[in-house]
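In what follows, a single structure is set out as structure tokens and then discussed.
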Amino acid sequence: MQRALLDWFAVNQRPLPWRTEYHPWHVLVAEIMGQQTQLDRVAARLPVFLDRFPSPTALAAASEEEVLKAWEGLGYYARARNLQAAAQALTAQYGGEIPQDLDAVRALPGVGRYTAGAVLSQAFNLPVPIVDANVARLFARLFDLDEPIASRETQAFLWETAAAIIPPGHARDFNQALMELGALVCGKNPRCSACPLTGHCEAHRLNIVEERPVPTQAKAIIPLEVATGVLVHRGRIFIQKRLPHGAWGGLWEFPGGRIEPEETPHQAVVRELLEETGYPVAVTDKIALVRHGYTTYKVALHCFACRLEIDPAAEDIPAPQLTAAQDARWVTLRDLAHYAFPAGHRKLIDLMERDLRFA
DNA sequence: GACTCGTGGCA
DNA sequence: TTGCCAAGAGT
């Protein structure tokens, strides 16, 4: 089975940017970027990121602002902050190199059991096991696991098996082969006719591939109504920087929030801007309704243009009283390109750039 | 163990 | 259009 899988991988592996040299830094960044993210997206974004941050030392020395901008659109932004913290640790403790030591790599922020194993096996060909979503799904079929993947017993079996199954001297290719087969053949809709392991697959023998892995109860996706305000004053737009941690930590946004029951979107945006900035505002236009999906929510984002309700003759803009942000600025529409925004707000910006009212 | 944390592709 | 879900980690 191991030989069949290695032979399959040699022929069928995708040409990914870090697979030519397996440079340890490239592998580490690829693995962090690859968490909960399909590799085609990583392949598209990794070269740009590495061009700007070619070494741990380079990333360590950058501003968090620039790191988040480079990560914009990839989601799970704590990964970017953790990766920079990891780069700073590597620079301070290991001379800017990746140590060939499981405990040392595992101790880096944002690096868990999977990522540590992936980095050490791919960068250094060390025989360290990996279990990701691909391996778990593949093993559930190969060994006919009749408990949900997440159960403690199944997790223990998966990791024990992944460790025991590595062919000596082939950790790099074999670990990747398991994942690649899971991604390309043994996916959500399995293509058993293209699989090199059907002769070894227990679920296939029993004709219950479709029943593996055993599904868990899916959580409902909650619809959410949100209002946001593009506050314009003397040709400049108000943006605020979100708090350092939590959702979209450190990213910039337009102020806004949930529309309460019994409240119109229009009322909500006026209330939210007063709460979050201290500014009394009036709505001047409805810009758009942006729809954006999340893992557990689907948001309808009601977007308004607003103006300050202050004395038009006043020379200075009063300072905002921020309650949901760590910083704020008044910028031009063109400036927005330099700041990292959540994807929903980036959609709004794209619309404004093509909107004559803002041109 | 349960929950949070994004996004976009695809069936 | 809707639901599913990815080379998971931290709390």
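Naming: A, B, ... by sequence-line order, numbering from 1 per chain.
Using modelled atom types, one finds a donor on one side chain and an acceptor on the other under 3.5 Å when comparing A:Gln122 with A:Glu31.
A:Ala343 comes within 4.0 angstrom of sugar-phosphate atoms only, judged by non-hydrogen atoms across all strands, and of no base. Among the heavy atoms of the strands lying under 4.0 Å from A:Arg19 is at least one base atom, whether or not backbone atoms are also near. Within 4.0 Å of A:Asn189, counting heavy atoms only, lie sugar-phosphate atoms of the nucleic acid but no base atom. At the heavy-atom level, A:Ala78 lies nowhere under 4.0 Å from the strands shown. When heavy atoms are screened at a 4.0 angstrom cut-off, A:Ile130 is found touching no nucleic acid atom at all. Among the heavy atoms of the strands, none lies under 4.0 Å from A:Arg81.
Atom C1' of nucleotide B:dG6 and atom CZ of A:Arg242 are separated by 12 Å, given to the nearest angstrom. Atom NZ of A:Lys298 is separated from atom P of C:dC4 by 11 Å (rounded to the nearest Å).
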Kindly give the atom pairs (protein nitrogen or oxygen, nucleotide nitrogen or oxygen) under 3.5 Å for nucleotides 9-11 of chain C.
residue: C:dA9; atom: OP1; partner: A:Gly112; partner atom: N; Å: 2.8
residue: C:dA9; atom: OP1; partner: A:Gly112; partner atom: O; Å: 3.4
residue: C:dA9; atom: OP1; partner: A:Thr115; partner atom: N; Å: 3.0
residue: C:dA9; atom: OP1; partner: A:Thr115; partner atom: OG1; Å: 2.7
residue: C:dG10; atom: OP1; partner: A:Gly110; partner atom: N; Å: 2.5

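A heavy atom closer than 4.0 Å to some atom of DNA chain C occurs in A:Gln176, A:Met179, A:Glu180, these being the qualifying members of residues 172-185 of chain A.
Because its NZ or CZ atom is not both nearer than 6.0 Å to the ring centre of A:Phe238 and within 45° of the ring axis, A:Arg329 does not count as a cation-pi partner of that residue.
A:Glu225 has no carboxylate O lying under 4.0 Å from a charged side-chain N of A:Arg258, or vice versa, which leaves the two without a salt bridge.
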